[in-house]
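First comes the structure, then the notes that go with it.
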2 protein chains.
Amino acid sequence: MARTLSCVPVMAWPPFDSPCLTPPPDEAGPLGPCAHCQVRHLAVCSVLTHEEMHALDAEASSQLLGPGAVLARQGDPRRHVFTVVRGALRMVRLAADGRRQVAGFALPGDFVGLSGSPTYRHDVEALGETELCRFGIDAMRRLGERYPQLREKLFERACVELDSARDQMMALARMNPIERMADFLLKLAAREARAGNPGPMVALPMPRADIADHLGLTVETVSRCLTTLRGKGLIAVPETYRIEILDFAGLESLRAA
Amino acid sequence: MARTLSCVPVMAWPPFDSPCLTPPPDEAGPLGPCAHCQVRHLAVCSVLTHEEMHALDAEASSQLLGPGAVLARQGDPRRHVFTVVRGALRMVRLAADGRRQVAGFALPGDFVGLSGSPTYRHDVEALGETELCRFGIDAMRRLGERYPQLREKLFERACVELDSARDQMMALARMNPIERMADFLLKLAAREARAGNPGPMVALPMPRADIADHLGLTVETVSRCLTTLRGKGLIAVPETYRIEILDFAGLESLRAA
DNA sequence: CGTTTTCTTGAGATCAGTCAATGGCTGTGG
DNA sequence: CCACAGCCATTGACTGATCTCAAGAAAACG
């Protein structure tokens, strides 16, 4: 599914038509000149006009991060929000005694940084080589005042995140490890599908420890679950960081909820 | 802390200055005439002008519910949002096999119904005799277009909910039962304090089973935790539905996060 | 006042965690 | 090119926290 860079309203770019969406990479590189005005927009958003995107561009900056790079630290003043262009991020909370919780992963097209707090509530770290678009919170707020659609989209996005967080609560509270694993893999697959990459192959851009800390398990249990699912013929694990879903219905039947 | 009903911008009413906030009950009853214009407003909101509240009133309706009454069913079309005036609500998700998850409780002043889904994602049920204010989603949207502050407040509220949901994820994933219980009791106390009722006495408007399903535990474990906390002298349980916090610092030290 | 529901307590079972060892992959340096 | 170190994933054996099951006590309800 080839994509073209454009500054005119484009079709909604998966996983949903989020504001300030940077276009996905293409052969020429992740960010090319606008087909409309030849300017290299940083901010492309399906709900914004050409003019509005120029306004956003003035406030946005592009960043390229190496594996493990830290965008934000838990407790730091919350000055920016981000959209992932390429790669992946993890949102991590670390307790004083070392207990770790991965609140979520941000994949290309995802929006990171929505919060009601004046400080970041998680560490935000790059999982691999990751490219993203950064906006100042204040700039965002100003633009929200000027372009009501932007604010509306942000609100919708926050609500979708809320739904997703509550789903995860159900998983953490009431599912056993196998079910959580099945649920997690299916969610990843669904996100890839919405991003235009349907099919049984699913990338796992994060190490096992991150999956474990996301699902409230240990690394060992994650590993055992993958082995079990493989044994049941539901998935294959051709590479450590890639799985193939062999039986979608079978996985679905595991995640009872 | 006596409160007076008013239709002019009032001080933020805890737990936060949310839109469409109905005033707390006073001796004269939960909803009295507006001191400004003698109209009995249904919708009082700290960010709205008198005129705007009249507009909201036209869209709002008051409801009184008995214990166990159902406001919304998981899967029903999402047509309304609610604010709790008096009493309490629970948001429940029920899996096909009977597993149950209480996503949260709504106390007076709380806003219920934010979601990105066209259908309700939880059953919403009254815990005791509960009074609330109901708004149509469409009306809400129209008002949001007319009064940008309203939309902004809704957005902030969604972000706060999001933070809170992620906190709960950490609790469910990485805390043991005692820690979850301590965390839960302290959160309840904090909400009561923000609602103008500080102090060691905390009402538990929900049965043990709801606490258990909220914390991902069993009823038995909840009961045992309360006994343990009592044994440590951190709390007292004078009545089944009321606890007294004897040692805030001690409880705090338990919820490592 | 009896019935029903809810809460508490106890004893045993089980599932996931802990600890420990092995194996594979990667990058470095000889 | 190979040897080694470090990291990560996997597997196994064991432990123990929490659930399950069961009974009794207390509270709510009619």
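Values below: every heavy atom of this structure, side chains too, minus hydrogens, waters and symmetry copies. Every chain is numbered from 1, with letters handed out A, B, ... down the list of sequences.
- For the helix from C:dC1-D:dG30 to C:dG30-D:dC1, the rotation axes defined at the first and last 5 base pairs enclose an angle of 40°, given to the nearest 10°.
- The nearest whole Å value for the distance from the CD1 atom in B:I243 to the C1' atom in C:dC7 is 16 Å.
- Each of D:dT11, C:dC7, D:dT18 was ranked by its minimum atom distance to the side chain of B:P177; first place goes to D:dT18.
- No side-chain heavy atom of A:V92 sits under 4.5 Å from any side-chain heavy atom of A:Q101.
- B:M175 places its CE atom 19 Å from the P atom of D:dA17, with the value rounded to the nearest Å.
- To the nearest angstrom, P of C:dC7 lies 11 Å from CE of B:M181.
- With contacts defined as side-chain heavy-atom distances shorter than 4.5 Å, the pair A:P200/A:I243 does not qualify.
- Applying the salt bridge (charged side-chain N to carboxylate O under 4.0 Å, His left out) rule to A:R90 yields the partners A:E125, A:D210; only residues at least two apart in sequence or on another chain are considered.
- Picking from C:dA16, C:dG17, C:dC7 the nucleotide with the shortest atom distance to the side chain of A:R224 gives C:dG17.
- In this entry the distance linking CG of A:L172 with C1' of D:dT18 reads 17 Å, nearest Å.
- Between B:R166 and A:E161, at least one side-chain nitrogen of the basic residue sits less than 4.0 Å from a carboxylate oxygen of the acidic one, meeting the salt-bridge criterion.
- Contacts between residues 211-219 of chain B and DNA chain C, defined by a heavy-atom separation below 4.0 Å, involve no residue at all.
- B:E239 places its CD atom 18 Å from the C1' atom of D:dA25, with the value rounded to the nearest Å.
- Atom P of nucleotide C:dT6 and atom CG of B:L204 are separated by 16 Å, given to the nearest angstrom.
- Annotation: of the two residues near DNA chain D, A:R174 and A:T221, the 5′-most nearest-nucleotide partner is A:T221.
- The nucleotide whose nearest atom lies closest to any side-chain atom of B:E220 is, among C:dT8, D:dT10, D:dC21, D:dC21.
- Considering only heavy atoms from C-beta on, B:I178 comes within 4.5 Å of B:L254 through its side chain.
- Salt bridge status for A:R86 with A:E129: present, with a side-chain N to carboxylate O gap under 4.0 Å.
- Distance, B:N176 CG to C:dT18 C1': 16 Å, rounded to whole Å.
- Residue contacts for A:T240: at a heavy-atom cut-off of 4.0 Å it reaches the sugar-phosphate backbone alone, with no base atom in range.
- B:H214 places a side-chain N or O within 3.5 Å of a backbone atom of B:V102 that can act as its donor or acceptor partner.
- When atom types are taken as modelled, the side chain of B:D76 and the backbone of B:Y120 share no donor-acceptor pair closer than 3.5 angstrom.
- Using a 4.0 Å cut-off between a side-chain N of Lys or Arg and a carboxylate O of Asp or Glu, A:R121 and B:D167 qualify as a salt bridge.
- The shortest distance between the side-chain N/O atoms of B:Y241 and the OP1/OP2 oxygens of C:dC7 is below 4.0 Å.
- Here the P atom of nucleotide D:dA28 and the CZ atom of B:R242 are 12 Å apart, to the nearest Å.
- Checked for salt-bridge contact, B:K232 and B:D247 miss the test: no charged N lies under 4.0 Å from a carboxylate O.
- A donor and an acceptor atom never sit less than 3.5 Å apart when one is taken from the side chain of B:R180 and the other from the base of D:dT18.
- For B:P207, the listed nucleotide lying nearest its side chain is C:dC7; candidates were D:dA9, C:dC7, D:dT11.
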